[in-house]
Amino acid sequence: MSLLVIGSVAFDALETPFGKTDKIIGGAATYISLAASYSTKPVNLVAVVGGDFPQSDIQILENHGVNTEGLQIKPEEKSFFWSGKYTKDLNSRETIATELNVLGSFDPIIPDAYQTCKYLMLGNLAPQVQRLVIQRLVNRPKLIVLDTMNFWMDSAPDELLATIEMIDVLSINDEEARQLSGEYSLVKAARKILALGPKFLIIKKGEHGALLFHKNKVFFAPALPLEEVFDPTGAGDTFAGGFIGHIAATDDCSFENLKRAVIHGSAMASFCVEKFGTERLLNLTQEEIESREAQFEALVRVEPVGVTA
C-alpha cells in the first residue's frame with residue numbers, strides 16, 4: 001500500500017560516550033523511510049536538502065526503495081544540520097548546533113504520483129507545514145500519523161492543536177504528553193489528548209517502552225534490554241517508520257494490528273541504537289527483524305499455570 005513520508009533529510013554530527021561522528025546522513029524522514037522500507041515499498045518521500053547533500057546519500061535512500069521524486073534540492077543553499085552530545089547514560093543530550101538552512105523555508109510540494117497515497121506519516125516539522133501537506137492531498141489518506149515535540153508546544157501551540165485535530169495517530173514521548181495535557185498521570189493525559197481529535201495515541205517512554213491508547217483500551221510494549229547502546233539518535237523516528245510501515249503493509253488499522261505495529265516499530269528502534277546514525281538500518285535482514293520481534297513478544301508472554309514451554 002502506498003506510503004507517503006514528510007519530514008527532514010539532513011546532516012547530523014553526533015557525540016556519545018562511545019565515540020563521535022563528523023557530518024552523517026540524518027533527519028526524521030530519513031530514519032522513518034529506512035525503517036518503513038523493510039515492510040513496504042516504495043516509500044514516497046517529500047523533503048528538502050541543499051546543494052551540499054551528496055548524491056551518494058540520496059542513492060542510499062533509493063537503494064532501499066525510497067522514491068525521491070518529492071525530494072527538493074536547492075543547489076544554492078545548505079541542508080538542515082544538527083549537532084548534539086549525549087550524557088554518559090544516553091538519557092539526555094546537549095544540542096551543540098541547529099542550522100535550519102533550507103528547512104526554514106520548506107514548502108512541501110506533493111508530486112502527482114504521490115496523490116493516491118493511502119497512508120501518511122508526518123515527521124517532526126512545523127505544524128503549519130504538516131497541516132499544509134494534509135490540505136494539499138486530493139484525497140484524505142486512510143490513516144495519518146503525526147510526530148511532534150515540545151518545541152512546537154512552546155512556540156506554536158495553536159497551530160499544533162489545529163493540526164492535531166486533523167490526524168488519526170499522534171506519537172509523542174511521556175514528557176511531551178504531560179506538557180500537552182497538563183496532566184502528570186499518563187492515563188489522564190491520554191484521555192485529554194484523545195479528546196483533541198486523534199483516534200490513537202502513542203506515548204514513547206524511551207528505554208521503558210511505549211504505550212498505545214485508543215478509547216478505553218491501553219497496550220504496553222516493553223523496551224528490549226540491549227547489551228550495547230551506542231547512539232539513541234533517530235530511535236523515535238525509526239519506531240514511527242516501523243510502525244507506519246507495518247500498517248501500510250498489512251492495510252489494517254484495527255487496534256489489534258496497531259498493537260503489532262508498535263512491537264514492530266519497537267524492534268526497528270532497537271536496531272537503530274546499536275550503531276551511530278542510520279548505519280544499523282542499512283543492512284538488516286528479514287530474519288534479524290523477525291528474531292528481534294520474537295524477543296519482544298517473549299518479554300510479555302506468560303504461560304498458563306501448569307504449562308511449561
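Note that the coordinates shown come from a computational prediction; the quantities given were computed from them, not determined experimentally.
- Taking 4.5 Å as the limit, some side-chain heavy atom of Arg260 sits within range of a side-chain heavy atom of His246.
- Distance CD1/Ile202 to CG/Leu211: 10.5 Å, rounded to 0.5 Å.
- Of the possible donor and acceptor atoms, none in the side chain of Glu165 sits under 3.5 Å from a partner among the backbone N and O of Gly197.
- Side-chain N/O atoms of Tyr31 and Thr233 include no donor and acceptor closer than 3.5 Å.
- Salt bridge status for Arg178 with Glu175: absent, with no side-chain N to carboxylate O gap under 4.0 Å.
- Checked by atom type, the side-chain pair Asp231/Thr16 shows no donor-acceptor distance below 3.5 Å.
- Heavy-atom minimum distance, Thr116 versus Ala113: OG1-O, 4.0 Å.
- With contacts defined as side-chain heavy-atom distances shorter than 4.5 Å, the pair Leu45/Leu4 does not qualify.
- Each salt bridge (Lys or Arg N to Asp or Glu O under 4.0 Å) pair with one or both residues in residues 52-80, not counting sequence neighbours, would appear here, but there are none.
- By the 4.5 Å heavy-atom criterion applied to side chains, Val66 and Pro42 are not counted as neighbours.
- No side-chain heavy atom of Phe230 sits less than 4.5 Å from a side-chain heavy atom of Pro17.
- Looking at heavy atoms from C-beta onward, Leu146 lies out of side-chain contact with Val169 at the 4.5 angstrom threshold.
- Clustering ILVMFWY residues whenever any of their side-chain heavy atoms sit less than 4.5 angstrom apart, transitively, puts Ile109 in a cluster other than the one holding Leu3.
- For the residue pair Asp174/His208, the side-chain donor-acceptor check at 3.5 Å is not satisfied.
- Listed here is the closest heavy atom pair of Gly50 and Ile73: O-CG2, 4.0 Å.
- Using bins of under 30°, 30° to 60° and over 60° for the plane-to-plane angle, the ring pair Trp82/Tyr86 lands in the perpendicular bin.
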- Task: Apply side-chain contact (heavy atoms from CB on, under 4.5 Å) to Cys253 and Ile247, showing your working.
- Result: CA-CA 7 Å; Cys253 299; Ile247 295 170; 4.2 Å; yes

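- Using cut-offs of 30° and 60° for the angle between ring planes, the His214 and Phe255 rings count as parallel.
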- Chi angles and distances behind the side-chain contact (heavy atoms from CB on, under 4.5 Å) call for Leu212, Val218: CA-CA 6 Å; Leu212 173 67; Val218 185; over 6 Å; no

- Can you check side-chain hydrogen bond (donor to acceptor under 3.5 Å, both in side chains) on Gln179 and Asp154, steps first, answer last? CA-CA 9 Å; Gln179 179 175 344; Asp154 292 329; 2.7 Å; yes

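- Checked by atom type, the side-chain pair His64/Ser33 shows no donor-acceptor distance below 3.5 Å.
- The salt bridge (Lys or Arg N to Asp or Glu O under 4.0 Å) analysis of residues 119-136, with sequence neighbours excluded, yields the pairs Asp107-Arg136, Arg131-Glu159.
- Taking 4.5 Å as the limit, some side-chain heavy atom of Phe271 sits within range of a side-chain heavy atom of Glu288.
- A donor-acceptor pair is defined here as one N or O able to donate and one able to accept, closer than 3.5 Å; such a pair exists between the side chain of Thr238 and the backbone of Gly234.
- A side-chain donor from one of Asn67 and Asn44 sits under 3.5 Å from a side-chain acceptor of the other.
- Checked for salt-bridge contact, Lys142 and Asp168 miss the test: no charged N lies under 4.0 Å from a carboxylate O.
- A pairwise comparison of heavy atoms in Val46 and Pro111 identifies CG2-CD, 4.1 Å as the closest pair.
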- Item | Intermediate values then yes/no, side-chain contact (heavy atoms from CB on, under 4.5 Å), Tyr119 and Thr40 | CA-CA 11 Å; Tyr119 294 92; Thr40 185; over 6 Å; no

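- Shown here for Gly123 and Ile32, the closest heavy-atom pair between the two residues is CA-CD1, 3.9 Å.
- Residues Phe106 and Leu132 are members of separate hydrophobic clusters, defined by side-chain heavy-atom contacts under 4.5 angstrom among Ile, Leu, Val, Met, Phe, Trp and Tyr.
- The shortest non-hydrogen separation linking Phe80 to Ser8 is CD2-CB, 4.5 Å.
- Considering NE2 of His264 and OG1 of Thr250, their distance stands at 10.0 Å, rounded to 0.5 Å.
- Ser181 contributes a side-chain N or O that, together with a main-chain N or O of Glu183, makes up a donor-acceptor pair within less than 3.5 Å.
- Residue pairs meeting the salt bridge (Lys or Arg N to Asp or Glu O under 4.0 Å) criterion with at least one member in residues 266-279, sequence neighbours excluded: Glu274-Arg280, Glu274-Arg292.
- For the atom pair CD1 of Ile203 and CD1 of Ile193, the computed distance is 5.5 Å after rounding to the nearest 0.5 Å.
- Considering OG1 of Thr148 and CD1 of Ile172, their distance stands at 8.5 Å, rounded to 0.5 Å.
- Within the model, atoms CD1 of Ile263 and CG of Leu258 stand 12.0 Å from one another, a figure rounded to the nearest 0.5 Å.
- The nearest pair of heavy atoms linking Asn101 to Phe81 is ND2-N, 4.4 Å.
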- Task: Decide side-chain contact (heavy atoms from CB on, under 4.5 Å) for Leu180 and Leu170; before the verdict, give the C-alpha distance in whole Å, the side-chain angles of both, and the deciding distance to 0.1 Å.
- Result: CA-CA 12 Å; Leu180 185 60; Leu170 177 63; 4.0 Å; yes

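- Between Lys23 and Asp12 there is no salt bridge, since no side-chain N of the basic residue sits under 4.0 Å from a carboxylate O of the acidic one.
- More than 12 heavy atoms of other residues, nucleotides or ligands sit less than 6.0 Å from atom CG of Asn63.
- Taken from CZ in Phe213 to CZ in Phe220, the straight-line distance is 10.5 Å, to the nearest 0.5 Å.
- The main-chain N or O of Met153 is never found under 3.5 Å from a side-chain atom of Asn150 such that the two would form a donor-acceptor pair.
- A distance-only check finds no donor-acceptor pair linking the side chain of Ser83 to the backbone of Ile96 [under 3.5 Å].
- Here the side chains of Leu122 and Val145 are not in contact, with every heavy-atom distance at 4.5 Å or above.
- Using a 4.5 Å heavy-atom threshold, the side chains of Cys117 and Leu137 count as touching.
- Of the possible donor and acceptor atoms, one in the side chain of Asn257 sits under 3.5 Å from a partner among the backbone N and O of Asp252.
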